[in-house]
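These notes concern the structure reproduced below.
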Amino acid sequence: MTTDKDLSMDGQSAMAMFAAKGIDVTPNKDQGVVKVVKRQGVDGERPMMGDRVTVHYTGKLLNGKKFDSSLDRKEPFSFNLGKGQVIKAWDISVLSMQKGEVCTLLCKPEYAYGSAGNPGKIPPNSSLLFEMELLSFEGEVLTDDGGIIRRIKVKGDGYTNPNDGATVDVHLEGSCGGRLFDSRDVRFTVGEAEDKGVPLGVDRAMEKMQKGECCILHLKPKYGFGREGKPEYKVGPNKDLVYEVTLKDFQRAKESWEMDLNEKLELASGVKHKGNQYFKAGRFHQAIIQYQRIVSWLEMECGVGMEQQKRIQDFLLISQLNLALCFLRLKEFSHVVENCNKVIELDGKNEKALYRRGEARLLRNEFSLAMADFQQVLQVNSSNRAARAQISICQRKIREHHEQDKKIYANMFQKFAEYDAKVFLHIFFIFMTEPPYSN
């Protein structure tokens, strides 16, 4: 990053420099944001819409007065590009930069703080000078585990996105290790992309996309073709994938509030069947999507009459039990406990819910809680041999845990005793070797 001297010029000098060396980076070429490159960046990719970018900057008025600087704070500034988190000039100019590039920007008021200005710092209708260094950029992370990363090549139109159950028309190109293995137009239902050979990561990204958007998705194996790979595409197991996806059109599915209860109950039957198919095929993530749709439709419904209320409760119980089983297969034990708890709230003696919660707690090393769950299973069904076997396992684990604690504490006390003995011997040695005290 260069020093403040590089921005210490009057307005006339600045205009002359930008007129001679500047590049207009605005889409409309209206001279609203003009850039002069002071240091070239590293050749390669540039940031894309939605990327998380990190910069250093210094901002000044045309009279040379500095109003802000990340350098003074000794802390870089990060933001998501193209999301309106910063002034328009920054969203536009950073798209044109490369990593390590340092540039000076001349920004007209309509691309900065406009007629309002920034009280106390920037007068109304002020053109501004910025010196900016692009330190780094990375794609937008769409999942908590970082398994889907999106980079937007072309921004979409409007403010609506496909939802679960929406019908989407996309063009996609999938590659693995630089080799293109799939290129086609395809229509699928969001939540059911697997049926058309489209990986989970593309399916899940749909809810973030807008019509006309073209993005690049980087998918970890969990969101690609997983441990099985895709032999027909010659994609091996546990491979990272890259998909370029263009959302050409979509038709949103009805939201829960747009359907009456009878319509929800009618749809729930088909969705449950779909979820069961995915479960049997080992597609647990896809099954979860289906069961969660049923819960989202019905968990706030009351029903009219005992028969309708029973249908609602039956769907909820089955969906949440199946969700618990899916999460158990995926080793996401906190979600298992959460869904079992919801079942137990509706049916306190549900044998499957108590047993599955016990399994999850046992696998989380919560042996006493797990044993209590299996004991409750026996209270419901005293002939459940699996629960008896699990209680024996819990008791053995508790004993092993206690024995391990004893060894730890025994070693700890032994070390304390050894340390105390050494200290005593050291003090005794000093006492015995010092000359006797005399008046």
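These numbers were taken from a predicted model, which means no experiment stands behind them. Sequential numbering from 1 along the given sequence is applied to the chain's residues.
Formation of a donor-acceptor pair under 3.5 Å by the Thr143 side chain with backbone atoms of Gly147 is found in this model. Looking at Asp24, its side chain does come within 3.5 Å of a backbone N or O of Thr26 through a donor-acceptor pair. Distance alone, capped at 3.5 Å, is enough to place a donor-acceptor pair between the Ser69 side chain and the Leu71 backbone.
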Decide yes or no on side chain to side chain donor-acceptor pair (under 3.5 Å) for Asp68 and Tyr57, but give the supporting numbers first. CA-CA 8 Å; Asp68 195 10; Tyr57 69 93; 2.6 Å; yes
Test His218 against Ile148 for side chain to side chain contact (heavy atoms under 4.5 Å, CB included), laying out the working first. CA-CA 6 Å; His218 296 266; Ile148 307 175; over 6 Å; no
Run Leu247 and Val168 through side chain to side chain contact (heavy atoms under 4.5 Å, CB included) and show every step you take. CA-CA 7 Å; Leu247 179 56; Val168 296; 4.0 Å; yes
Would you sort out whether Gln286 and Asp203 count as a side chain to side chain donor-acceptor pair (under 3.5 Å), showing the intermediate values? CA-CA 10 Å; Gln286 290 85 347; Asp203 187 294; over 6 Å; no
Pair Asp43, Gln98 - check side chain to side chain contact (heavy atoms under 4.5 Å, CB included), show working. CA-CA 7 Å; Asp43 285 339; Gln98 294 174 317; 4.0 Å; yes
Derivation and outcome, side chain to side chain contact (heavy atoms under 4.5 Å, CB included), residues Ile398 and Ser368: CA-CA 8 Å; Ile398 290 170; Ser368 297; 4.0 Å; yes
Check step by step if salt bridge (charged side-chain N to carboxylate O under 4.0 Å, His left out) holds for Asp260 and Lys254. CA-CA 11 Å; Asp260 62 30; Lys254 282 185 178 182; over 6 Å; no
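Glu301 has a carboxylate O that lies under 4.0 Å from a charged side-chain N of Lys264, or vice versa, which qualifies the two as a salt bridge. The pair Glu133-Arg39 meets the salt-bridge criterion, with a side-chain N (NZ, NE, NH1 or NH2) lying under 4.0 Å from an Asp/Glu carboxylate O. In summary, Glu400 and Arg396 engage in a salt bridge, as defined by a charged side-chain N under 4.0 Å from a carboxylate O. Electrostatic pairing of Glu140 and Lys208 does not count as a salt bridge here, judged by no charged N lying under 4.0 Å from a carboxylate O. Arg283 and Glu228 are joined by a salt bridge, as a carboxylate oxygen and a charged side-chain nitrogen come within less than 4.0 angstrom of each other. Salt-bridge formation is detected for the pair Lys230/Glu232: a Lys NZ or Arg NE/NH1/NH2 atom is positioned less than 4.0 Å from an Asp or Glu carboxylate oxygen. Salt-bridge annotation for Lys274 and Asp195: present, with a side-chain N of the basic residue lying under 4.0 Å from a carboxylate O of the acidic one. The pair Glu366-Arg364 counts as a salt bridge, with a side-chain nitrogen and a carboxylate oxygen less than 4.0 angstrom apart. Salt-bridge formation is not detected for the pair Lys99/Glu45: no Lys NZ or Arg NE/NH1/NH2 atom is positioned less than 4.0 Å from an Asp or Glu carboxylate oxygen.
Between Ile216 and Met48, some side-chain heavy-atom pair lies under the 4.5 Å cut-off. Counting heavy atoms from C-beta outward, Leu105 and Val34 have side chains that stay 4.5 Å or more apart. Residues Phe137 and Arg52 have side chains not in contact (no heavy-atom distance under 4.5 Å, counting atoms from C-beta outward). Looking at Trp297 and Leu261, their side chains never come closer than 4.5 Å, going by heavy atoms from C-beta outward. Proximity of Met97 to Met132: side-chain heavy atoms (C-beta onward) are separated by under 4.5 Å at one or more points. For the pair Ile294/Leu298, a side-chain contact is recorded, criterion being any heavy-atom separation below 4.5 Å from C-beta on. You'll find the side chain of Leu328 reaches within 4.5 Å of the side chain of Phe333, heavy atoms only. Residues Asp182 and Tyr233 are in side-chain contact: their nearest non-hydrogen atoms beyond the backbone lie under 4.5 Å apart.
A donor and an acceptor atom, one from each side chain of Ser96 and Lys35, are located under 3.5 Å apart. With hydrogens and angles left out, the side-chain atoms of Tyr355 and Asn350 include no donor and acceptor closer than 3.5 Å. No hydrogens or angles considered: a donor-acceptor pair under 3.5 Å links the side chains of Glu255 and Asn163. In this structure, a donor-acceptor pair under 3.5 Å is absent between the side chains of Ser256 and Ser296. A donor atom on one side chain and an acceptor atom on the other are found under 3.5 Å apart for Asn341 and Arg357. For the residue pair Gln308/Asn262, the side-chain donor-acceptor check at 3.5 Å is satisfied. Side-chain contact of Asp91 with Tyr111: a donor-acceptor pair under 3.5 Å is absent, judged by distance alone. At a cut-off of 3.5 Å, with distance as the only test, a side-chain donor of Asp145 or Tyr223 sits close to an acceptor on the other residue.
Residue pairs meeting the ring pair (Phe, Tyr, Trp, His ring centres under 6.0 Å) criterion with at least one member in residues 263-285, sequence neighbours excluded, are Phe279-Phe284.
Ring geometry for Phe79 versus Trp90: interplanar angle of 30 to 60°, hence tilted. The aromatic rings of Tyr113 and Phe67 sit perpendicular, their planes meeting at an angle over 60°, well past the 30° parallel limit.
Residue Asp169 is tested with Arg184, Arg187, Lys248, Lys196 for a salt bridge (Lys or Arg N to Asp or Glu O under 4.0 Å); the sole match is Arg187. Each of Arg204, Gln290, Gln292 was evaluated against Asp164; a single residue qualifies, Arg204, per the side-chain hydrogen bond (donor to acceptor under 3.5 Å, both in side chains) test. Shown are Arg151, Arg150, Arg46; of these, the salt bridge (Lys or Arg N to Asp or Glu O under 4.0 Å) with Asp51 is made only by Arg151.
To the nearest 0.5 Å, the span separating OG on Ser334 from CZ on Arg361 amounts to 12.0 Å.
Counting heavy-atom neighbours within 6.0 Å of Arg73 CZ, excluding the residue itself, gives a total above 12. Within 6.0 Å of NZ in Lys220 there are 12 or fewer heavy atoms belonging to other residues, nucleotides or ligands. Residue Glu207 qualifies as enclosed at atom CD: its count of foreign heavy atoms under 6.0 Å is above 12. Enclosure of atom NZ in Lys29 by more than 12 non-hydrogen atoms of other residues, nucleotides or ligands within 6.0 angstrom is indicated.
Closest approach of Val336 and Ala360 over heavy atoms only: CG1-CB, 3.6 Å.
In this structure Val154 satisfies the side chain to side chain contact (heavy atoms under 4.5 Å, CB included) test together with Cys214, sequence neighbours excluded.
In summary, the aromatic rings of Phe315 and Tyr291 are positioned with their centroids too far apart to meet the 6.0 Å limit.
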